[in-house]
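Predicted, not measured: the structure shown is a model, and the values here were computed from it.
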Amino acid sequence: MEAAPSRFMFLLFLLTCELAAEVAAEVEKSSDGPGAAQEPTWLADVPAAMEFIAATEVAVIGFFQDLEIPAVPILHSMVQKFPGVSFGISTDSEVLTHYNITGNTICLFRLVDNEQLNLEDEDIESIDATKLSRFIEINSLHMVTEYNPVTVIGLFNSVIQIHLLLIMNKASPEYEENMHRYQKAAKLFQGKILFILVDSGMKENGKVISFFKLKESQLPALAIYRTLDDEWDTLPTAEVSVEHVQNFCDGFLSGKLLKENRESEGQTPKVEL
């Protein structure tokens with residue numbers, strides 16, 4: 001069940017280049033969502049900053065020593081564009097020290113892998129709306145992240161090397177209920193496995209389905225993949241339940257599923273995409 005990493009990454013690169021423009025257009029189209037906050041939250045002290053970060057899956061905070069720099073209004077302009085991200089600003093010296101900030105910095109915090117990603121002084125000096133938007137798009141990983149050519153970059157840059165994909169059609173009547181259970185299961189493996197949704201209703205995602213040697217008749221399905229050694233396995237499932245997801249992940253983490261499937265397939269490795 002191994003895939004050649006060079007071919008996989010090459011195809012990943014091709015897919016990223018092919019669809020990045022389309023995804024960017026979709027992000028732009030949804031940037032004026034109703035009810036989006038108009039201003040970042042002011043974080044006056046360390047407890048406020050800690051509470052703010054802990055309360056959301058993705059937070060972007062501008063730690064500024066100078067509020068007159070161009071990066072400040074650019075950060076403000078991102079708030080409405082990314083309604084799924086919480087934005088904050090702090091100039092408090094104790095807050096900056098707490099997060100090891102020594103100059104004007106914009107940081108992205110994400111709950112899924114407890115990462116703090118920084119845009120440092122040299123990046124801030126040349127930042128524009130396009131660059132900051134790209135930084136947020138790539139690195140906004142959630143408890144369940146939908147696969148697209150932009151998020152895949154952040155997924156593969158994460159310190160978490162095991163990815164679980166739920167491959168199903170978002171237009172199916174079972175989607176909402178299955179997704180609810182999938183999100184619930186994701187919390188059980190926070191920090192260990194990244195949970196990803198792949199919409200099989202999108203023609204572009206056919207490459208992902210083919211990579212895991214799945215047929216349309218086998219969907220929805222779970223596919224688990226380890227980036228370190230390209231080990232992977234699949235589990236077609238008519239119903240996504242917390243128990244099924246948990247057992248599948250536990251089996252992969254222990255090596256049992258891979259071992260059992262190799263024996264049943266006569267140790268024939270799956271062909272890479």
Side-chain angles (χ1 to χ4, degrees), residues 12 41 43 46-61 82-88 98-100 106-118 135-148 150-168 170 175-199 208 212 220-235 237 239-258:
L12 179 64
T41 300
L43 305 172
V46 173
M50 293 178 65
E51 183 179 356
F52 180 78
I53 293 169
T56 185
E57 292 186 19
V58 180
V60 174
I61 301 178
F82 294 95
V85 175
S86 297
F87 289 84
H98 181 80
Y99 292 103
N100 299 313
I106 295 176
C107 298
L108 184 144
F109 298 85
R110 57 192 189 206
L111 184 64
V112 67
D113 55 4
N114 294 316
E115 280 286 287
Q116 174 183 334
L117 305 174
N118 298 351
F135 172 73
I136 297 171
E137 287 174 43
I138 289 174
N139 295 298
S140 292
L141 304 185
H142 296 263
M143 294 302 289
V144 175
T145 302
E146 184 164 358
Y147 175 91
N148 64 51
V150 176
T151 60
V152 73
I153 301 172
L155 290 166
F156 275 84
N157 285 336
S158 172
V159 295
I160 299 178
Q161 297 175 336
I162 299 178
H163 302 171
L164 180 70
L165 288 70
L166 170 59
I167 305 173
M168 75 174 302
K170 289 177 67 175
Y175 168 73
E176 292 294 341
E177 191 172 350
N178 281 336
M179 188 61 177
H180 175 73
R181 290 193 289 259
Y182 191 58
Q183 289 173 324
K184 190 174 181 180
K187 296 178 182 178
L188 302 176
F189 294 92
Q190 182 180 344
K192 296 180 181 179
I193 299 176
L194 292 178
F195 276 56
I196 303 164
L197 170 69
V198 178
D199 184 3
V208 179
F212 291 107
L222 296 171
I224 197 163
Y225 176 82
R226 184 164 50 225
T227 62
L228 181 65
D229 54 13
D230 289 321
E231 292 280 9
W232 55 273
D233 202 359
T234 58
L235 177 68
T237 177
E239 178 182 325
V240 177
S241 70
V242 175
E243 184 180 7
H244 285 159
V245 174
Q246 186 173 6
N247 290 340
F248 185 56
C249 291
D250 286 340
F252 186 84
L253 290 172
S254 66
K256 291 179 181 178
L257 283 179
L258 286 168

Distance from [X] atom [atom1] to [Y] atom [atom2], nearest 0.5 Å?
X: Leu194; Y: Ile224; atom1: CG; atom2: CD1; result: 10.5 Å
X: His142; Y: Thr151; atom1: NE2; atom2: OG1; result: 9.5 Å
X: Leu235; Y: Asp233; atom1: CG; atom2: CG; result: 8.0 Å
X: Leu164; Y: Ile193; atom1: CG; atom2: CD1; result: 6.5 Å
X: Asp113; Y: Met143; atom1: CG; atom2: CE; result: 10.5 Å
X: Thr234; Y: Phe248; atom1: OG1; atom2: CZ; result: 6.5 Å

Side-chain donor/acceptor of [X] to backbone N/O of [Y], under 3.5 Å:
X: Thr56; Y: Ile53; result: no
X: Tyr99; Y: Val46; result: no
X: Gln190; Y: Leu111; result: yes

Check each of Leu155, Ile138, Asn139 against Val150 using the side chain to side chain contact (heavy atoms under 4.5 Å, CB included) test, and report the only one that passes.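 It is Ile138, the one option of Leu155, Ile138, Asn139 that forms the side chain to side chain contact (heavy atoms under 4.5 Å, CB included) with Val150.
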
So which of Glu177, Arg181, Gln183 actually passes side chain to side chain contact (heavy atoms under 4.5 Å, CB included) with Met179?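 Considering Glu177, Arg181, Gln183, a side chain to side chain contact (heavy atoms under 4.5 Å, CB included) with Met179 is found only for Gln183.
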
Please examine the side chains of [Y] and [X], heavy atoms only from C-beta on, and report whether any two atoms are closer than 4.5 Å.
X: Val245; Y: Lys184; value: no
X: Trp232; Y: Leu165; value: no
X: Tyr225; Y: Ile196; value: no

Please name the pair of heavy atoms, one in [X] and one in [Y], separated by the smallest distance, quoted to 0.1 Å.
X: Leu141; Y: Ser158; result: CD1-CB, 4.1 Å
X: Ser140; Y: Val58; result: OG-CG1, 3.9 Å
X: Ala223; Y: Ile167; result: CB-CD1, 4.2 Å
X: Ala186; Y: Val144; result: CB-CG2, 4.2 Å
X: Met168; Y: Tyr175; result: CE-CA, 3.8 Å
X: Cys107; Y: Asn118; result: SG-OD1, 2.9 Å

How far apart are the C-alpha atoms of Val112 and Thr145, what are their side-chain angles, what is the distance that settles it, and do they pass the side-chain contact (heavy atoms from CB on, under 4.5 Å) test? CA-CA 10 Å; Val112 67; Thr145 302; 6.0 Å; no

Mind running side-chain contact (heavy atoms from CB on, under 4.5 Å) on Leu222 and Phe252 for me, showing each step along the way? CA-CA 12 Å; Leu222 296 171; Phe252 186 84; over 6 Å; no

Around atom CD of Gln246, are there more than 12 heavy atoms from other residues, nucleotides or ligands closer than 6.0 Å?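 Enclosed.
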
Given the rule in the side-chain contact (heavy atoms from CB on, under 4.5 Å) test, do Leu117 and Arg110 qualify, once you have shown the distances and angles that lead to the verdict? CA-CA 9 Å; Leu117 305 174; Arg110 57 192 189 206; 3.6 Å; yes

Can you tell me how the ring of Phe195 sits relative to the ring of Tyr182, calling it parallel under 30°, perpendicular over 60° and tilted otherwise?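 Tilted.
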
Parallel, tilted or perpendicular: which one describes the rings of His163 and Phe156, with boundaries at 30° and 60°?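 Perpendicular, since the angle between the ring planes exceeds 60°.
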
